[in-house]
Amino acid sequence: MASESGAHIANDKSITSHAAILHAFEEFRSDLDLENDRRERIVKSSRDITINSKRVIFLLHRLAIAGIDDDGVKDDRTDYVEAKKKLAEIRVIFKNLQHELEAERFWHHQSAISPGMQEYIEAVSFLHYLEKGKMISYDGVLNSLRDENGVLLCPLSLDDYLLGVSDLTGELMRFAITAISRRGGRRKAREVSDFVRGCKADFDGFSPYVKQLSKKQAVTSQSLQKIEEAAYAIAVRASEYGENDAMLADIVEQCVMG
Amino acid sequence: MASESGAHIANDKSITSHAAILHAFEEFRSDLDLENDRRERIVKSSRDITINSKRVIFLLHRLAIAGIDDDGVKDDRTDYVEAKKKLAEIRVIFKNLQHELEAERFWHHQSAISPGMQEYIEAVSFLHYLEKGKMISYDGVLNSLRDENGVLLCPLSLDDYLLGVSDLTGELMRFAITAISRRGGRRKAREVSDFVRGCKADFDGFSPYVKQLSKKQAVTSQSLQKIEEAAYAIAVRASEYGENDAMLADIVEQCVMG
Amino acid sequence: MDSGDLEQLNALLDNEIDLKEKIKDFVSDFDKRTRRVQGALNKIHSTPSEDVPRLARSVKPMLDECSLSVSAIAGLVPEFEYWRWSGMWSFSLRAAAFGALFVHYLETETLLSLEGVSSVLGIKDEWKHKFTLQAEDYLHGLITMVNEMSRWAVNAVTLGDYERPIRISIFVKSIFAGFSALNLKNDGLRRRFDSLKYDIKKIEEVVYDVSLRRLANSPKKEGVDESPAPR
Amino acid sequence: MDSGDLEQLNALLDNEIDLKEKIKDFVSDFDKRTRRVQGALNKIHSTPSEDVPRLARSVKPMLDECSLSVSAIAGLVPEFEYWRWSGMWSFSLRAAAFGALFVHYLETETLLSLEGVSSVLGIKDEWKHKFTLQAEDYLHGLITMVNEMSRWAVNAVTLGDYERPIRISIFVKSIFAGFSALNLKNDGLRRRFDSLKYDIKKIEEVVYDVSLRRLANSPKKEGVDESPAPR
Amino acid sequence: MDSGDLEQLNALLDNEIDLKEKIKDFVSDFDKRTRRVQGALNKIHSTPSEDVPRLARSVKPMLDECSLSVSAIAGLVPEFEYWRWSGMWSFSLRAAAFGALFVHYLETETLLSLEGVSSVLGIKDEWKHKFTLQAEDYLHGLITMVNEMSRWAVNAVTLGDYERPIRISIFVKSIFAGFSALNLKNDGLRRRFDSLKYDIKKIEEVVYDVSLRRLANSPKKEGVDESPAPR
Amino acid sequence: MDSGDLEQLNALLDNEIDLKEKIKDFVSDFDKRTRRVQGALNKIHSTPSEDVPRLARSVKPMLDECSLSVSAIAGLVPEFEYWRWSGMWSFSLRAAAFGALFVHYLETETLLSLEGVSSVLGIKDEWKHKFTLQAEDYLHGLITMVNEMSRWAVNAVTLGDYERPIRISIFVKSIFAGFSALNLKNDGLRRRFDSLKYDIKKIEEVVYDVSLRRLANSPKKEGVDESPAPR
Amino acid sequence: MDSGDLEQLNALLDNEIDLKEKIKDFVSDFDKRTRRVQGALNKIHSTPSEDVPRLARSVKPMLDECSLSVSAIAGLVPEFEYWRWSGMWSFSLRAAAFGALFVHYLETETLLSLEGVSSVLGIKDEWKHKFTLQAEDYLHGLITMVNEMSRWAVNAVTLGDYERPIRISIFVKSIFAGFSALNLKNDGLRRRFDSLKYDIKKIEEVVYDVSLRRLANSPKKEGVDESPAPR
Amino acid sequence: MDSGDLEQLNALLDNEIDLKEKIKDFVSDFDKRTRRVQGALNKIHSTPSEDVPRLARSVKPMLDECSLSVSAIAGLVPEFEYWRWSGMWSFSLRAAAFGALFVHYLETETLLSLEGVSSVLGIKDEWKHKFTLQAEDYLHGLITMVNEMSRWAVNAVTLGDYERPIRISIFVKSIFAGFSALNLKNDGLRRRFDSLKYDIKKIEEVVYDVSLRRLANSPKKEGVDESPAPR
Ligand SMILES: [Mn+2]
Ligand SMILES: [Mn+2]
């Protein structure tokens, strides 16, 4: 059947002159150039998203530690308004890219947007952890990528989600090491180490299927070990004197502050 | 002497309060952010320059081959107006970068502009070769980077110059392989192979001192060998029938065109 | 992660893995079928001129089988996800495009357009977001055809057909001019385009040999008028 | 290339090579001098409290020698070419900055500003385009000082000085807060900043040990008032 | 090549591919199951002493599932072809061996022998030429256990169990002594053995911390009394 | 680890090392002998037609020496451990297979079967589980022969033998057709099979050169009727 | 190449290979013997103070065996070819130097000089151009000893010997001061020297722990007056 | 470490560094000079036959300059330390050996022996233990010459010299036969020897092209008459 009709069509689709061939290729040229230009725009935006997300992460570290210093006892109601504002600015970049990544274009240029997307996910998941003490879900990230009308600014691949949230463990390690020598730090360290241990276990099942994930899992293991060792150091010191963190902290504070 | 005055100065330069320390670091932050943002802008422009230069190179191939096809006998007075226009557009990008790269900034961000610069040099040197049959000089590239008032748009490092013009040999190989089966191709091929052989010899002296240059010299050697082999193939065929290229070409043309 | 979230992720992942497995199976069939096409077209190098049409005809049913594979794969790909999976079959699709292009050339000595190849391979317009023939794949198929043609020019002369290289030469020059119009990245296509130059050079050498031995002279007059080659 | 062009290139290149050789020689001296500074400051770990001022004083002439190297190098660097060559001496410059910062701390228990370090090392304002102390180098020097301080806190206790860790702790916390304000790239500075966290943790542990053993209690009252530590 | 030969060759090649695919599927299951075992055993780092037996018990059914995989794979491997295919599952088998060794340790604080591990994983003697546990794989599993134990020593202290590191230390040192007596020429194994030194050092430091603070009885039962009392 | 276990493990490990060393020595001899075969066969490129049989004869004793090596190695390999050790000699075995195939071709202009090669190299059926010639190794040897033949086609013309390329062409095309019919999933083999295409193209060009100049009977003259063209 | 030249070249090449093989065998023995030494010295970490002399004594015969290897290797190396072959044994020689240095320290708590190590290992002066102990190898052995000592400081405390870390600290600091005075341009050595800093820090922390808890006399008590503090 | 030991160690280390710097400077000159030689010889590819002797002559003074470098380096190397330092100049020495070999070939069309090369480069017998030309370096130079010759064969034809490839072919094949007779265990040399095969193939193809077209006398003087005349 196909071959019968094929004979007819084939004649229509024959390019029979030199000029016609050149013409066909000129169309290819503009198609290829168009897509290359598009990719270039996406790459640039992806770099912008990366840089801004990295800055959000630094900001979150500052706010989180300030929160602990202000009040290590109260239930961590630090205000992350400034970070949220910066995240909203990043979403403007996504918004501007929206039409470049519509329909099948997303998967066409996925590798160009991927680095920025992963860094963005790292930032939102860090904020989410600081606020909720939990891992942000796939839908959570997806929802963060919606505009006021609930329209998705950019599709989200499972791989980017997993690779992005994997990077969170490194930041949590940095956070825990800093937090640990503060008031209430021992509790924080234990929370983080339980959380990171959970992340590692949760992601182990995915790593054979997601490229690069096993490399990130190795980094997570290292981070986890660093947190565990820090928690150990605190525990060992405390064990010599007793178990009441807060009371001990008060004594130390009096010594230091006079 | 230094130590005596040092004692005084040191007191002036002491930062004595927590707030003052924070203030000093906030200045560092804005300095660092400023320079990082600048580098990012330069990287983006460098990518633009690269893409546009690559397109100029393709265009030059088209124009050069068209020139040969139009008239293989006349003395190569192909018109490269279109390519020159596109090179002028690239210079607009440099112009916009001008203040980002002035004074000591050029060497600060040299690695960011370098890829674009080298591709630009490859393009102008290709044009220069097609028009003049010679290698563009360092001053030649420098002059191409001046605005209407003779002000330099961007400094030019010796390394970028050498690495940029080294890439020319690869394009010349492509050009020669295409040209060789055309009318007058044998002469062209010999010209190009002499030229590329000369390039290789000229640059050999520089390669111990310029990073990456010896890698490019290896590519040049390969290109040279390809050109030599193509010239050989033509020579061997011709040898069977006699030496007058043009006459033979006429006979072949008659056969083909009927 | 709470268990609901984890389950969702697992469901998403399982979905992906399943789909990938299924596509893989169809692609493996597709691959076998395009190899058959290539194997059959390889006979061109020992086929006398007069048997060329018969050879072309014999390949058509094999192309129809390829279009069955195409349709099966397209049936699996979710809307908008063409680029997510296309890496799995692009190798085979390029081979199939080569087959369609070459059969068409053998029959008409003209270039089949991208739309023409799509149609021979049964790629439907409504699959726009899940299965299309991209310019890049079409162009790869085209270069494969030129590679084959330069070999064919050589073998045609061995088989006594001195006209063939000349007709091939004219056709291939147009293709080359077309390629020259493209701005390529430093990728596979650029590398293959560079290789094209050698094919053209080889064909030119054969034309040169044949012309100068004036072997093509006598049969030329009648042959030219019938040849639909572009100029 | 015609021979004039080639000669020009050779002249440019020879120039570069010459300059590089000359800078290298001066940097090698600079390196030796900063090592002397570091060697001398390393004695802090076995120096009783009362001898600290004497130690600090003894290092100052060595810093003056470093500033001779700085001046020699600056004399070679062409206008606007600071960044072209600075990779050659940044390692030594950071070590020198550490020296200036630490001596100043030992004398005043305050932080010497970037301008202060520049001045100790004899870096002149008019060298703006050829030799400056960049924030990055200053910060590296600062981190080296904190690394040394965490070791010092430990050894001070061994030597019977139970106040020292507390004063160090207060100072270092301010430094850390400062660093937290920076947006760092994934580079050397970021890595070293991460390491800083461990130094702080170590110092805190010493403070903890010392406080809870109430060893610091009695001598505290007099010591606090005199300490110029920021809060 | 005549067609009989061809058919035979194709049969051989196809056979190999088929078998490989099948083994791969089972190995993939095996891999998942050993990952579950490892995931479960990973909980040791947050498990209080009293819950250790319960944890060990919970892993046993997972090991049983591993032995189902082992049996499935052994069912596929043709007699005498152990060495042809074993590279495909050695990674998973080592993980399973680790699981068997660690569960046994958790329950008995003794070392399970190679035969013991074989038996836990359901490897039958009659599979000698299709599926066995090689010494190399057993030793890899053992090293993995020691790696895990050094981390466990740290976390046990955090959880308040000060005796654990001391028991771990004694056990690990005897393993280390055993390894030292082996002639390891095998590169992979030697490199991993070298890594044991870090584990031992880590454990020694934990024991040090615990002993120094008299949180547990020193491992030198006899030595304690003679140790100089603090002044 | 108790000392009985240790001794057993050590025995296992030592055994492996010893055996490996011994096999290595014999393989090193095997390697030298196959190099001699290749060196001798390399003379084909400067051997006039009439001396080819003499050359082939001269290589036979060298193949016999190879079979001594084969026998020595087979004597070392423990029953059922073919797959454990075969990686050590497969390189040499492929070279020996090439030698057997090429000598046979030179004498008969036919293809020696896998069994034939086994027999020339003295590989016994009863060694089934310790030393065999796998299809893969046979095919590697075959591809090496075709590589050599394309060079030979060129050199035969230089030596004035214009018929040789044509005979080579017919033989090689049938080999190629055979390979095309195989399902090559094996990466190494597929890559080398792809290299065959270049050999065939080279041979076709030689045949073209010879035909164009009417130096030999064109292959089509007799061949056309039997040609594999479709109808 | 004429056959005389060839033979000469072959003789040269064969000679080299033979000698290399022979040296390799002896070096392999040397390696085993130095591993035994290291294995024995490793017991220091669980040896109570009073048994240290006995341990040191037990290692001496093993060092004597090392000197047999040294002598065997020296017997093979042609006069003047030390630098051609020394890369083959420098790893083992450094291990042997460590052994000699550590045994000497255990017995005398002093540093054995380069000549002393040479003499323990039976290296003769007349071997100047075939087998010597280079400064570089001696220093590598010394750094290995310091690495071991920081671990020993930790374990000594566990075993209740609180004075040991203090004695180790004093010795290691003098070694460190010595190294600091060397101009290390050699990359490998400089990297290892940098690792010494970690060992010193570790030892300082142990001394801190012991001092803080007043488990031993603080090192400052006696040492203060002689302390290298500047004035 | 006592200060006497330290001084001695420092003297040893400084000495080594000084010497290395000095040798490096001379080697850098040597390198430039060998580059000049190579640059000049590179002109062979565009030199018509009749100008070859003139080209060879022009290179001789450059080789003399190389021998000045050789002599300068030899003057620095301490007696018996050839093997310690030779790695620094072997690259340049091989290039110089290539130069000597190629100039000699251009003048005489014969192979210069190892002694001949030594003599051209002014290497004296009495330097046996400080500066010699090792067989390995000689052979590297020889392979470089063959690499160059295969390119020359191509370019000579382009310049109309059809006899050159035939003379090159005969010479290179005898070199190849020589190499085949060597026992190359050295990896670097064996890899480069393998590359010779490509050169030979290339040269064979050039000879083929020339012979086929009867542009030069076939290398088989005797064989030509018997070759079947074209029909
Ligand atoms: Mn991060
Ligand atoms: Mn280019």
Side-chain angles (χ1 to χ4, degrees), chain B residues 50-66 68-69 86 119 167 170-171 173-183 185-186 189 222-223 226-227 229-242 244-245 247-258, chain C residues 150 153 162-187 189-227 229-231:
Chain B
T50 302
I51 291 173
N52 285 298
S53 300
K54 276 190 197 294
R55 289 189 184 163
V56 169
I57 291 168
F58 277 104
L59 177 60
L60 286 170
H61 277 292
R62 286 195 284 275
L63 295 173
I65 293 297
I68 290 179
D69 283 350
K86 292 210 172 222
E119 201 73 32
D167 284 337
E171 299 306 330
M173 179 272 288
R174 295 192 175 93
F175 171 62
I177 303 293
T178 310
I180 212 161
S181 42
R182 320 249 158 176
R183 218 170 211 294
R186 196 173 163 197
Q222 283 169 18
S223 298
K226 284 177 187 163
I227 301 168
E229 277 164 21
Y232 161 85
I234 292 283
V236 149
R237 301 267 155 189
S239 64
E240 240 179 324
Y241 310 103
N244 188 332
D245 277 8
M247 201 195 70
L248 292 174
D250 284 340
I251 297 172
V252 173
E253 197 160 314
Q254 272 170 33
C255 271
V256 175
M257 294 308 165
Chain C
S150 84
Y162 303 109
E163 281 302 320
R164 181 65 69 191
I166 293 169
R167 267 154 42 215
I168 287 175
S169 165
I170 293 166
F171 179 75
V172 160
K173 277 188 174 175
S174 291
I175 302 290
F176 180 78
F179 267 103
S180 299
L182 302 179
N183 295 318
L184 299 170
K185 287 180 296 177
N186 286 335
D187 60 359
L189 204 52
R190 169 100 206 244
R191 255 193 315 279
R192 294 203 65 198
F193 170 50
D194 284 345
S195 80
L196 206 67
K197 293 167 187 163
Y198 289 92
D199 290 319
I200 295 203
K201 196 167 74 67
K202 183 83 220 165
I203 295 167
E204 289 305 299
E205 284 167 15
V206 175
V207 168
Y208 196 90
D209 280 339
V210 166
S211 305
L212 289 183
R213 286 171 192 276
R214 301 183 178 269
L215 292 165
N217 261 357
S218 38
K220 191 186 54 184
K221 283 283 125 88
E222 323 85 80
V224 156
D225 294 345
E226 289 151 36
S227 90
R231 69 211 55 187

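Bear in mind that the values here come from a model prediction, so they are computed numbers and not experimental data. So you know, we letter chains A, B, ... as the sequences are listed, proteins then strands, and number each from 1. Heavy atoms only: backbone and side chains are in, while hydrogens, waters and symmetry mates are out.
- With a threshold of 4.5 angstrom between heavy atoms, C:Leu184 approaches chain B through its backbone and through its side chain.
- We find that B:Arg237 and C:Glu204 are not joined by a salt bridge, their nearest charged nitrogen and carboxylate oxygen being 4.0 Å or further apart.
- The parts of C:Asn183 that come within reach of chain B are both its backbone and its side chain, each placing non-hydrogen atoms under 4.5 angstrom from that chain.
- For C:Lys202, the part sitting under 4.5 Å from any heavy atom of chain B is the side chain, from C-beta outward, and nothing else.
- Crowding of B:Lys86 atom NZ: a count of heavy atoms from other residues, nucleotides or ligands under 6.0 Å not exceeding 12.
- Between B:Arg174 and B:Glu171 there is a salt bridge, since at least one side-chain N of the basic residue sits less than 4.0 Å from a carboxylate O of the acidic one.
- For a residue to count as touching a neighbouring chain, one of its non-hydrogen atoms must lie under 4.5 Å from one of that chain's; by this rule B:Arg55 touches chain C with backbone and side chain alike.
- Across B:Val56, B:Ile51, B:Thr50, a single residue satisfies side-chain contact (heavy atoms from CB on, under 4.5 Å) together with B:Lys54, and that is B:Thr50.
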